[in-house]
Chemist: 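Let me give you the structure first, and then I'll get to my questions.
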Amino acid sequence: MATRYAAGMSANEQIGARFERLADLLEITGANPFRINALRRSARAIDASPLDLAGMILHDRASIIALAGMGEGTANRIEEIVRTGTMADLDTLSKQIPAGVPPLLDVPGLGPKKVRVLWQTAGIEDAATLKAKLLDGTVGALPGFGAKTVANILESLAFMERGIGRFCADVGWNAAQRFLALLRGAKEVERAEFAGSLRRGRDTVGDIDLLVSSSHPEQVCELFCADREIEKVLVRGDTKCSVRLKNGLQVDLRVLTGDHFGAAYLYFTGSKEHNVLLRERAQRRGMTLNEYGLYPDDGEGAPQTRGVQAIASATEESIYAALELPFIPAHLREEIGADPLGAPAPTLISMDSIRCELHAHTTASDGELSIEDLVLAAKARGFHTIAITDHSRSSGQANGLSIERLREHIAAIREVSSMISGIRILAGSEVDILADGSLDYPDDLLSELDIVVASPHTALRQDPETATKRLLRAVEHPAVDILGHPTGRMVRGRPGMDPDIAAIAQCAGRRGVALEINAHPSRLDLRDTHVRIALAAGAMIAINCDVHSEEHFDNLHFGVATARRGALTTDRCVNALDADALSGWLARPRG
DNA sequence: CTTCTGCAGAAGAGCGTGTTACGACACGC
């Protein structure tokens, strides 16, 4: 919540943030929950939309209303923001509700009802006052607040003071792999998987959702809760546990029997919005869907407890089929933009389609591997090509190569190439795109290279217009093949630039330049929404690990997940080309 | 606020767990 209106937000995100804030305020006033939910849906649809909604609202209102979850009310509000720069009822509510009250919704254990009681009956208007009145006994005397609740809220506040929010995906990935190894090693466990936003491949995770099938849930919960990385067990039931690790990450475990696994996997993978859409669809077809299965809707409660035979439950595939839907890959279960449920899912790129790595560093600049070790590592991964792309001269902090050193480096790469067979080695460079869009080496040197990845590393706070011009100039340079980590953002770090991705992608498409998804979990740049925009504008996409050490090859799945979320298909990815097609691409005519 | 059924008005996902008060409610997913 603190990051709302932060620099680096796109125009859509700034509009979406207003909707989200209005929803928070209305929730505290006790407005119709369906209305609040609808506002949040609009906020997410606006955030994720590849369309320039502010630009469209005045002349193409109908296209906005046609999007899923967007109606007249949303269009009116967007128009109001565009015309007046503000939203009248948001301003009115902001005056009525003190600024410190909505953030209290973020305190685990507090929902809108409790926040409202705290504010209206105890005059608590911010986190600091809340803490004081928890400690002096004021809160404990309020209805609905017993000793346990007071202790839990204090605990939550202390946790929040540690400043931990969402985590980069790799933190979640590593924790999940460790727990899965533990669980899969237990004889009571038939199957264990991670679900949630980690399975959907988001660039950050708020917590980890683990799912186990077993006939002995209590023993599984006991094993799980005894793990030594756990700081605190938050919830401990017979089939459901929730813990917080020492690094602050929350991990939720749910145990079910195998015949329900598909329904549970679907439910815990989410997104929440996707679940709601599926359940509404089930209702319309006279069925009811919960985490145990898809059942005929006979109007009674909880079908799984009454021995009702499920229509589908063991696999996700069977449930989608029974709902007359194509199977929707986890990466597309976000209910975003123009992706209404029921549209046929594209055949997405997958890990085994990736045939080469086109962005890697050696000890010549800031990598850990020699040319030879890098090449052998790439060969061991089964790649037909590895591109060696050390930093250029301006990247002093990364030991970028001078013109002379690059010439020597090219010769050294050619020599290794003559000694190692079975993989093609490209002599390249990750050349800096300077602030004005020029490249960091002279043209004649760039033309000697087999491949050029051009990337921005500095001046990442440029305004969108300057950034767009800068990147366009790089894409138009005849030597450039790939635009590396185009915005320079760092996940949970810096916002990076906010250029007009559509314009850049359109130019890249014309010139045969690929836009990179940098697979490092701290970058994931392009991000998922950018990939959609770039594909619509006609660009090819690269998925590169930006290898600095052997383990970096293992980051590929993060990049592929981002690509899948952006609906990238194999035919639009340069890393999926076979060796000849890749050569053909690199030999394309340059204007 | 949006969507769907029928054009104005209703309906809107479903469950486990914990707290607080002992059936009901809030919360979080």
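Each chain gets a letter, A, B and so on, in the order the sequences are listed, and its residues count up from 1.
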Chemist: Which is true for A:Pro112 with a 4.0 Å heavy-atom rule: it touches a base, it touches only sugar-phosphate, or it touches nothing?
Modeler: sugar-phosphate

Chemist: So if I take every side-chain heavy atom of A:Gln283 and compare against B:dA13, B:dC29, B:dC1, which nucleotide ends up nearest?
Modeler: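 Of the options given, the side chain of A:Gln283 lies nearest B:dA13.
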
Chemist: Students often get this wrong, so: under 4.0 angstrom with heavy atoms, is A:Gly144 touching a base, only sugar-phosphate, or nothing?
Modeler: sugar-phosphate

Chemist: So, OP1 or OP2 of B:dT2: does either fall under 4.0 Å of a side-chain N or O from A:Thr74?
Modeler: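 So the side-chain polar atoms of A:Thr74 do come within 4.0 Å of the phosphate oxygens OP1 or OP2 of B:dT2, strictly under.
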
Chemist: Going by the rule ring pair (Phe, Tyr, Trp, His ring centres under 6.0 Å), which residues pair with A:Phe224 if we only count those two or more places apart in sequence or in a different chain?
Modeler: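 Here the qualifying residues are A:Phe179.
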
Chemist: On DNA chain B, does the nearest nucleotide to A:Gly71 precede the nearest nucleotide to A:Phe268 from the 5' side, or the other way round? Give the residue.
Modeler: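 The answer here is A:Gly71.
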
Chemist: Among B:dC4, B:dA13, B:dC29, which is the nearest nucleotide to the side chain of A:Asp209?
Modeler: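 Selected nucleotide: B:dC29.
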
Chemist: Which sits closer to the 5' end of DNA chain B, A:Asp252 or A:Ala75, going by the nucleotide each is nearest to?
Modeler: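 That would be A:Ala75.
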
Chemist: Measure CZ/A:Arg44 against C1'/B:dT2 and give the value in whole Å, please.
Modeler: 14 Å

Chemist: Rounding to an integer number of angstrom, what distance separates B:dT17 and B:dG9 when you compare their C1' atoms?
Modeler: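 Roughly 37 Å separates the two C1' atoms.
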
Chemist: Which base sits across from B:dA13 as a Watson-Crick or G-U pair, both distances under 3.5 Å?
Modeler: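 The answer is none; no pair meets the criterion.
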
Chemist: A:Tyr267 has a side chain; which of B:dG18, B:dA13, B:dC1 sits nearest to it?
Modeler: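 Nearest listed nucleotide: B:dA13.
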
Chemist: Using a 3.5 Å distance criterion without hydrogens, assess whether the side chain of A:Arg565 forms a donor-acceptor pair with backbone atoms of A:Arg200.
Modeler: yes

Chemist: With a 3.5 angstrom cut-off on both distances, give the Watson-Crick or G-U wobble partner of B:dA8, or none if there isn't one.
Modeler: B:dT5

Chemist: What's the closest nucleotide to the A:Pro108 side chain, out of B:dG28, B:dA13, B:dG16?
Modeler: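 Nucleotide nearest to A:Pro108's side chain: B:dG28.
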
Chemist: Between P on B:dC27 and CG on A:Leu104, what's the gap in Å once rounded to a whole number?
Modeler: 12 Å

Chemist: Using whole Å, what does the distance between atom P of nucleotide B:dG28 and atom NZ of A:Lys240 come to?
Modeler: 11 Å

Chemist: What contact category does A:Leu289 fall into here, base, sugar-phosphate, or nothing, at under 4.0 angstrom with non-hydrogen atoms?
Modeler: sugar-phosphate

Chemist: Could you walk me through whether A:Gln250 and A:Asp252 pass side-chain hydrogen bond (donor to acceptor under 3.5 Å, both in side chains), step by step?
Modeler: CA-CA 7 Å; A:Gln250 186 174 322; A:Asp252 299 334; 3.2 Å; yes

Chemist: Which part of the nucleic acid, if any, lies within contact of A:Ala147, taking any heavy atom under 4.0 Å across all strands shown: a base, the sugar-phosphate backbone alone, or nothing?
Modeler: sugar-phosphate

Chemist: Measure from CG on A:Asp207 to P on B:dC27 and round the result to the nearest Å.
Modeler: 18 Å

Chemist: Over all strands shown, is A:Arg116 touching base, sugar-phosphate only, or nothing at heavy-atom distances under 4.0 angstrom?
Modeler: nothing

Chemist: Which one, B:dC27, B:dA13, B:dT19, comes nearest to the side chain of A:Arg279?
Modeler: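 That would be B:dA13.
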
Chemist: Can a side chain N or O of A:Thr288 be found less than 4.0 Å away from OP1 or OP2 on B:dA13?
Modeler: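 Answer is no, no contact under 4.0 Å.
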
Chemist: Heavy atoms under 4.0 Å, any strand shown: does A:Gly109 hit a base, just sugar-phosphate, or nothing?
Modeler: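 Sugar-phosphate, no base atom in range.
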
Chemist: Using the P atom as the reference point in each nucleotide, state the distance between B:dG28 and B:dT20 in Å, no decimals.
Modeler: 14 Å

Chemist: What interatomic distance, in whole Å, is found between P of B:dA13 and the corresponding atom of B:dA24?
Modeler: 22 Å

Chemist: Fit a plane to each ring of A:His260 and A:Tyr292, take the angle between them on a 0 to 90° scale, and name the class: parallel (under 30°), tilted (30 to 60°) or perpendicular (over 60°).
Modeler: perpendicular

Chemist: Does the pair A:Glu79/A:Arg77 count as a salt bridge with the N-to-O cut at 4.0 Å?
Modeler: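 Result for this pair is no, no salt bridge flagged.
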
Chemist: Between B:dC1, B:dT19, B:dC15, spot the one nearest the side chain of A:Gln304, thanks.
Modeler: B:dC15

Chemist: Could you work out which one of B:dA13, B:dC1, B:dA26 sits closest to the side chain of A:Lys272?
Modeler: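 Nucleotide nearest to A:Lys272's side chain: B:dA13.
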
Chemist: Which one, B:dT17, B:dT19, B:dC15, comes nearest to the side chain of A:Asn290?
Modeler: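 For A:Asn290, the side-chain atoms sit closest to B:dC15.
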
Chemist: Does B:dG18 have OP1 or OP2 under 4.0 Å away from a side-chain N or O of A:Ser242?
Modeler: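 Checking A:Ser242 against B:dG18: no side-chain N or O falls below 4.0 Å of OP1 or OP2.
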
Chemist: In whole Å, I'd like the distance from the CD atom of A:Gln250 to the C1' atom of B:dT17.
Modeler: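 So the CD-C1' distance, A:Gln250 to B:dT17, works out to 13 Å.
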
Chemist: Between B:dA10 and B:dA21, how far apart are the C1' atoms? Round to whole Å, please.
Modeler: 35 Å

Chemist: Check the distance between B:dT3's C1' and A:Met70's CE and give it to me in whole angstrom.
Modeler: 15 Å

Chemist: Tell me whether the side-chain N/O atoms of A:Thr149 come closer than 4.0 Å to OP1 or OP2 in B:dT20.
Modeler: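 Yes, such a contact exists.
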
Chemist: Take the protein atom CD of A:Glu72 and the nucleotide atom C1' of B:dT3, then report the distance between them rounded to whole Å.
Modeler: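 Going from CD in A:Glu72 over to C1' in B:dT3 covers 13 Å.
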
Chemist: Among B:dG12, B:dC1, B:dG14, which nucleotide sits nearest the side chain of A:Glu280?
Modeler: B:dG12

Chemist: Could you give the CD1-to-P distance, from A:Ile208 to B:dC29, as a whole number of Å?
Modeler: 13 Å

Chemist: So, is A:Arg41 close to the B:dG12 phosphate, meaning a side-chain N or O under 4.0 Å from OP1 or OP2?
Modeler: no

Chemist: Name the closest nucleotide to the A:Lys114 side chain, picking from B:dC1, B:dT17, B:dC27.
Modeler: B:dC27

Chemist: Kindly check if the number of other-residue, nucleotide or ligand heavy atoms within 6.0 Å of NZ (A:Lys187) is above 12?
Modeler: no

Chemist: Is it the case that the base of B:dC15 and the side chain of A:Tyr292 share a donor-acceptor contact (distance under 3.5 Å, atom types as modelled)?
Modeler: no

Chemist: Within a reach of under 6.0 Å around CD of A:Glu218, are more than 12 heavy atoms found that belong to other residues, nucleotides or ligands?
Modeler: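 Yes, enclosed.
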
Chemist: Between A:Asn37 and B:dC1, is there a contact of a side-chain N or O with OP1 or OP2 at under 4.0 Å?
Modeler: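 So the side-chain polar atoms of A:Asn37 never come under 4.0 Å of the phosphate oxygens OP1 or OP2 of B:dC1.
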
Chemist: Under 4.0 Å between a Lys/Arg side-chain N and an Asp/Glu carboxylate O for A:Arg254 and A:Glu291?
Modeler: yes

